[in-house]
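Remember, it's 1-based here, ligands and their atoms both numbered in the order they're listed.
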Amino acid sequence: MKIFLDTADLGEIRRAADAGLIDGVTTNPSLVAKVGGGRDITELYREICEAVDGPVSLEVIAVDRETMVSEGRKLAAIHENAVVKVPLTEDGLKACRDLVKEGHRVNVTLCFSVSQALLAAKAGASYVSPFVGRIDDVSGEGMQLIHQIRQIYDNYGYETEILAASIRHPMHVVEAMLIGADCCTIPSGVLWQLSKHPLTDKGLDAFLKDWGGLGTTL
Ligand code: G3P
């Protein structure tokens, strides 16, 4: 499963990329608003694309087909790693189809149902982003949606990649892997949480204490 970092924070992206742990990045307007105040956003997007060796989702702001396509072209021109992100609306699906016909890769975002995911695949999306955590937030079962999308995509051979998004904790990542999501986009806090285990810390403390008894170094 591919791991994408769900952030527009260059420091966090470089930290994870430096460790060789991420296959790409996803951004959205809210994530950019957290770090982009006073910045040239095109330049920020270019730096993000240069910081990672893989797809970087950059989202349109328009809500009508024509302007989404024109924004999408501009975003795609920023860097070869850019993937245009459009919302899962009627206009978004049409813009997706238009951009795909021009050879661009598209991530259809804000997916909350299996029927929406079907249409994203029909529109030729490279990725569909079901928002697991936000479904859990309203007492739904976000992972059930990942299961269902996996099943319909496999039933009919759709090649759109399932990009599990709105990931809130390590078990979301584990469950997405077990189901067979193609990618998971993860906030940096959750990425580093994946590396933690109290028995690792306890075991390391014991090793270092025992070694200390030798009174020597390597
Ligand atoms: O990339 C979009 C998605 O991951 C948002 O997550 O936590 O704002 O629901 P969240």
d(Tyr127 OH, Cys183 SG) to nearest 0.5 Å is 5.5 Å
Donor-acceptor pair, side chain of Asn81 and main chain of Cys49, under 3.5 angstrom
yes
Rounded to the nearest 0.5 angstrom, the CZ-CZ distance for Arg65 and Arg97 is 10.5 Å
Give the protein residues with at least one non-hydrogen atom closer than 4.0 Å to an atom of ligand 1, ordered by chain and number.
Asp6, Asn28, Lys85, Phe131, Arg134, Ala165, Ser166, Arg168
Give a yes or no on whether the backbone of Ile61 and the side-chain of Glu71 come within a donor-acceptor separation of less than 3.5 Å.
yes
Between the side chains of Thr185 and Thr26, is a donor N or O closer than 3.5 angstrom to an acceptor N or O?
yes
Please indicate whether Glu141 has more than 12 foreign heavy atoms, meaning atoms of other residues, nucleotides or ligands, lying under 6.0 Å from its CD.
no
